[in-house]
Colleague: 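The structure's right below; bear with me while I get my questions together.
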Amino acid sequence: MPRKILVTSALPYANGSIHLGHLVEYIQTDIWVRFQNMRGHSCLYCCADDTHGTPIMLRAEKEGITPEQLIDRVWHEHKRDFDGFHIQFDNYYSTNSAETRHYADTIYTRLRDAGLIEVRAIEQFYDPVKAMFLPDRFIKGECPKCHAKDQYGDSCESCGAAYQPTDLIDPYSAVSGAAPVRKQSDHYFFKLSDPRCADFLKGWIVPPQVQAEAANKLNEWLSGGLSDWDISRDAPYFGFEIPDENGNPTGKYYYVWLDAPIGYMGSFRNYCDRHGLNFDDYWKPDSEAEVYHFIGKDILYFHALFWPADCTTPASARPPACSATAS
C-alpha cells in the first residue's frame with residue numbers, strides 16, 4: 001500500500017556556504033526520497049535555510065547590510081549549490097517566514113497555557129565591549145565535564161555534554177575576546193524537567209522513532225535528568241519576538257533552536273498552500289503520514305529530545321511517526 005511520507009534534512013545555517021560535509025547529508029536524503037518515490041510511495045522532501053540568531057545579525061552588521069539582505073543572498077547561494085548537485089527539494093524555504101512564525105507562536109502559546117513555560121531571572125554573560133548579552137555560541141571556554149578547551153557555551157563538541165554558559169571554566173567572548181561579566185535578565189524557560197515531558201520521552205525514544213544507537217545515547221541523557229531549556233534571548237537579536245498573553249511584544253526573542261525545527265513545518269505549510277495539500281494530513285497525531293528527519297549526530301539532543309518534547313501537550317501538532325535519523 002502506498003505510504004504518505006514527508007522528509008526533511010537538518011537546515012543549513014545562513015551564515016556560511018554549503019560545504020561537502022553538508023552535502024553528504026543532503027545527498028543521502030535525496031537518494032532515500034528518490035528510492036521511496038520509485039517504490040510508488042508519495043514522498044515529499046522539504047527543507048529551508050536556518051536564518052535567525054546573533055551570528056546572522058553580527059555578520060550583516062559587519063557587511064553593512066540588513067539581516068534580511070544577508071539571508072536572501074545566502075539563500076540563493078545555497079539553492080544554486082544544491083541545484084548543482086541535483087538535489088531535488090520539493091520545497092526549499094526560509095525559517096524567516098510567516099508560516100514558521102505562526103507555528104512557533106502556536107506551539108509556544110500551547111506550551112505556556114499547559115504550564116510548561118516559566119519566566120525566571122537568570123545570570124547571563126554580558127560583553128562589556130560590545131554592550132550585549134552573549135548567546136551560547138559566542139561564549140567559549142573549558143568544558144565543565146571533560147575539560148576540553150575552547151568549547152561553546154551550550155554544548156561540548158568533545159564529549160557531547162550540554163550545560164549552561166555560566167558553567168564554562170575561564171569563559172571569554174568570541175566577539176571581542178573580552179572576559180564577560182555576569183548580568184541578570186528575565187528569560188523564558190521550557191520546563192523540560194516536568195514529569196509530563198520525561199514520561200512522554202521515555203515512551204518515544206524507542207525504535208522506530210529513533211535508531212537503536214541513537215536511543216541508547218538519548219536514554220543516557222534522559223536517565224541523568226533533564227534540565228529546563230532557556231528558549232529566549234535578549235535584544236539585540238535577529239529573530240521572532242515572543243508575544244505575551246495578549247499578543248503584544250515582550251522584548252524577548254525565540255532562541256534560534258526553538259524556531260529552527262519549526263521551520264520544517266513552515267516549509268511544508270508553504271508547499272501545501274501552493275499545491276493544494278492539507279497540512280494536517282501530515283502533522284496531526286491521528287494522521288497516517290510518516291515524518292522523517294535526517295540529521296547529524298551533533299544535533300541529536302535538539303531533534304530527539306527538545307523537538308518532540310516541545311509537542312507533548314494534547315493540543316499540539318505532533319508528527320505521528322517522527323523518526324530522527326542520524327547520518
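What you see is a predicted model, and the numbers here were worked out from it, not measured in a lab.
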Colleague: Within the 3.5 Å criterion, strictly below it, is a donor on Asp127 or Ser173 matched to an acceptor on the partner's side chain?
Modeller: yes
Colleague: Taking only Lys NZ, Arg NE, NH1 and NH2, and the carboxylate oxygens of Asp or Glu, determine whether Glu213 and Lys217 approach each other closer than 4.0 Å.
Modeller: no
Colleague: With no hydrogens and no angle check, just 3.5 Å: does a side-chain donor-acceptor pair link Thr95 and Thr100?
Modeller: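 On atom types as modelled, these side chains do not qualify, holding no pair under 3.5 Å.
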Colleague: Check the pair Ile117 / Lys191 against side-chain contact (heavy atoms from CB on, under 4.5 Å), numbers first and verdict last.
Modeller: CA-CA 6 Å; Ile117 300 295; Lys191 296 168 70 175; over 6 Å; no
Colleague: Considering residues, nucleotides and ligands other than His86, do more than 12 of their heavy atoms fall under 6.0 Å from its NE2?
Modeller: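 No.
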Colleague: Hydrogens and angles aside, do Asp234 and His187 bring a side-chain donor and acceptor to less than 3.5 Å of each other?
Modeller: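 Present: a donor and an acceptor within the cut-off.
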Colleague: Do His41 side-chain atoms and Asn37 backbone N/O form a donor-acceptor pair below 3.5 Å?
Modeller: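 Between the backbone of Asn37 and the side chain of His41 there is no qualifying donor-acceptor contact (under 3.5 Å).
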Colleague: Tell me the closest heavy-atom pair linking Ile18 and Pro12, and the distance in Å.
Modeller: CD1-CB, 3.8 Å
Colleague: Assess whether side-chain contact (heavy atoms from CB on, under 4.5 Å) is satisfied between Phe190 and Tyr108, documenting all intermediate values.
Modeller: CA-CA 9 Å; Phe190 170 46; Tyr108 167 78; over 6 Å; no
Colleague: Near Asp170 CG, under 6.0 Å, is it more than 12 heavy atoms from other residues, nucleotides or ligands?
Modeller: no
Colleague: Using a distance-only test with no angle check, is there a side-chain donor-acceptor pair under 3.5 angstrom linking Asp281 and Ser287?
Modeller: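 Note: Asp281 and Ser287 side chains miss the donor-acceptor criterion.
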Colleague: Closest approach of Ser185 and Gln124, non-hydrogen atoms and distance?
Modeller: CB-OE1, 3.7 Å
Colleague: Can you check whether Tyr126 reaches Arg182 side chain to side chain, under 4.5 Å on heavy atoms?
Modeller: no
Colleague: Can you tell if the side chain of Thr166 reaches within under 4.5 Å of the side chain of Phe125, non-hydrogen atoms only?
Modeller: yes
Colleague: Taking atom types as modelled, find out whether His78 and Tyr13 have a side-chain donor-acceptor pair closer than 3.5 angstrom.
Modeller: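 No, no side-chain donor-acceptor pair sits under 3.5 Å.
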Colleague: Report yes if the side chains of Pro308 and Leu201 come closer than 4.5 Å at any heavy-atom pair, otherwise no.
Modeller: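 They are in side-chain contact.
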Colleague: Does Pro2 reach the side chain of Ser42, with side-chain heavy atoms less than 4.5 Å apart?
Modeller: no
Colleague: Are the side chain of Ser232 and the backbone N or O of Tyr188 linked by a donor-acceptor pair below 3.5 Å?
Modeller: yes
Colleague: Mind checking whether Val33 and Phe35 sit in one hydrophobic cluster, side chains of I, L, V, M, F, W, Y counted as touching below 4.5 Å?
Modeller: no
Colleague: Could you tell me whether Lys140 sits above the aromatic face of Tyr152, with NZ or CZ closer than 6.0 angstrom to the six-membered ring centre and within 45 degrees of the axis?
Modeller: yes
Colleague: If you measure from the Lys or Arg side-chain nitrogens to the Asp or Glu carboxylate oxygens, is any gap between Asp186 and Lys252 under 4.0 Å?
Modeller: no
Colleague: Taking all heavy atoms of Ala10 and all of Cys47, pick out the closest pair and write down the distance.
Modeller: O-SG, 4.2 Å
Colleague: Under a 3.5 Å distance rule, please check whether Asn91 uses its side chain to pair with a backbone N or O of Ser267 as donor and acceptor.
Modeller: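 At least one qualifying donor-acceptor pair exists.
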Colleague: Going by atom types alone, do Tyr92 and Asp49 pair a side-chain donor with an acceptor below 3.5 Å?
Modeller: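 A pair is found: one side chain offers a donor N or O, the other an acceptor, under 3.5 Å apart.
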Colleague: Would you call Glu123-Lys183 a salt bridge at under 4.0 Å N-O?
Modeller: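 Salt bridge: no.
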Colleague: Would Trp32 end up clustered with Ile27 when hydrophobic side chains under 4.5 Å apart are linked, directly or stepwise?
Modeller: yes
Colleague: Say whether Trp204 and Ile299 are linked into one hydrophobic cluster, either directly or through other cluster members, by side-chain heavy-atom distances under 4.5 angstrom.
Modeller: yes
Colleague: Side-chain donor-acceptor pair under 3.5 Å between Asn96 and Arg101, yes or no?
Modeller: no
Colleague: Closest approach of Leu134 and Pro180, non-hydrogen atoms and distance?
Modeller: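 That would be CD1-CB, 4.0 Å.
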Colleague: Between Tyr254 and Asp105, is any side-chain donor less than 3.5 angstrom from a side-chain acceptor?
Modeller: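 The criterion, which ignores hydrogens and geometry beyond distance, is satisfied for Asp105 and Tyr254.
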Colleague: Taking the side chain from Asn219 and the backbone from Leu222, do they hold a donor-acceptor pair closer than 3.5 Å?
Modeller: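 Judged by distance alone, no pair lies under 3.5 Å.
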Colleague: Is any side-chain heavy atom of Arg120 closer than 4.5 Å to a side-chain heavy atom of Ile122?
Modeller: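 The answer is yes; the side chains approach within 4.5 Å.
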Colleague: For a quick test of reading the model, state the closest non-hydrogen atom pair linking Cys197 to Leu116 and the distance between them.
Modeller: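 Looking at all heavy atoms of both residues, the closest pair is SG-CD2, 4.3 Å.
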Colleague: Does the pair Asp154 and Ile139 meet the rule for a side-chain contact (heavy atoms from CB on, under 4.5 Å), with working shown?
Modeller: CA-CA 9 Å; Asp154 56 352; Ile139 306 163; over 6 Å; no
Colleague: Can you list the steps and then say if Tyr45 with Thr8 is a side-chain hydrogen bond (donor to acceptor under 3.5 Å, both in side chains)?
Modeller: CA-CA 6 Å; Tyr45 184 15; Thr8 74; over 6 Å; no
Colleague: Is there a side-chain contact between Leu23 and Leu20 in this structure, where contact means two heavy atoms from C-beta onward sitting under 4.5 Å apart?
Modeller: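 Of all side-chain heavy-atom pairs linking Leu20 with Leu23, at least one is under 4.5 Å.
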Colleague: If you measure from the Lys or Arg side-chain nitrogens to the Asp or Glu carboxylate oxygens, is any gap between Arg196 and Asp194 under 4.0 Å?
Modeller: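 Judged by the 4.0 Å cut-off on N to carboxylate O distance, Arg196 and Asp194 do form a salt bridge.
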Colleague: Is a side-chain donor or acceptor of Asp72 paired with a backbone partner of Glu68 at a separation under 3.5 angstrom?
Modeller: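 It does not hold such a pair.
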Colleague: If two hydrophobic side chains count as joined below 4.5 Å and joins carry through other members, does Phe138 share a cluster with Val181?
Modeller: no
Colleague: Measure from NZ or CZ of Arg269 to the centre of the six-membered ring of Tyr103 and say whether it is under 6.0 Å with the direction within 45° of the ring axis.
Modeller: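 Checked: cation-pi criterion not met.
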Colleague: Under 3.5 Å, is there a donor on one side chain and an acceptor on the other for Tyr93 and Glu99?
Modeller: yes
Colleague: Is the shortest side-chain heavy-atom distance between His293 and Trp307 below 4.5 Å?
Modeller: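 Yes. Closest side-chain heavy atoms under 4.5 Å.
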Colleague: Could you point out which residue of Tyr264, Trp283, Tyr292 forms a side-chain contact (heavy atoms from CB on, under 4.5 Å) with Leu6?
Modeller: Trp283
Colleague: For Glu142 versus Lys149, what's the shortest heavy-atom pair and its separation?
Modeller: OE1-NZ, 2.8 Å
Colleague: Let me know which of Trp221, Trp257, Tyr255 forms a ring-ring contact (aromatic ring centres under 6.0 Å, His included) with Phe302.
Modeller: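 So the option named by the test is Trp257.
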Colleague: Give a yes/no verdict on a cation-pi contact between Arg233 and Tyr253, requiring under 6.0 Å between NZ or CZ and the six-membered ring centre and an angle within 45° of the axis.
Modeller: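 Because its charged atom misses either the 6.0 Å distance or the 45° angle limit, Arg233 does not stack over Tyr253.
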Colleague: For a side-chain contact (heavy atoms from CB on, under 4.5 Å) check, start with the C-alpha distance between Tyr271 and Asp90, then their side-chain angles and the critical distance, and finish with the verdict.
Modeller: CA-CA 8 Å; Tyr271 179 85; Asp90 289 285; 3.9 Å; yes
Colleague: Quick one: pull up CG in Leu218 and CG in Leu305 and give me the separation to the nearest 0.5 Å.
Modeller: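 Going from CG on Leu218 over to CG on Leu305, the span is 5.0 Å.
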Colleague: Would you say Leu258 and Phe306 make side-chain contact, with heavy atoms under 4.5 Å?
Modeller: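 Sidechains of Phe306 and Leu258: no contact.
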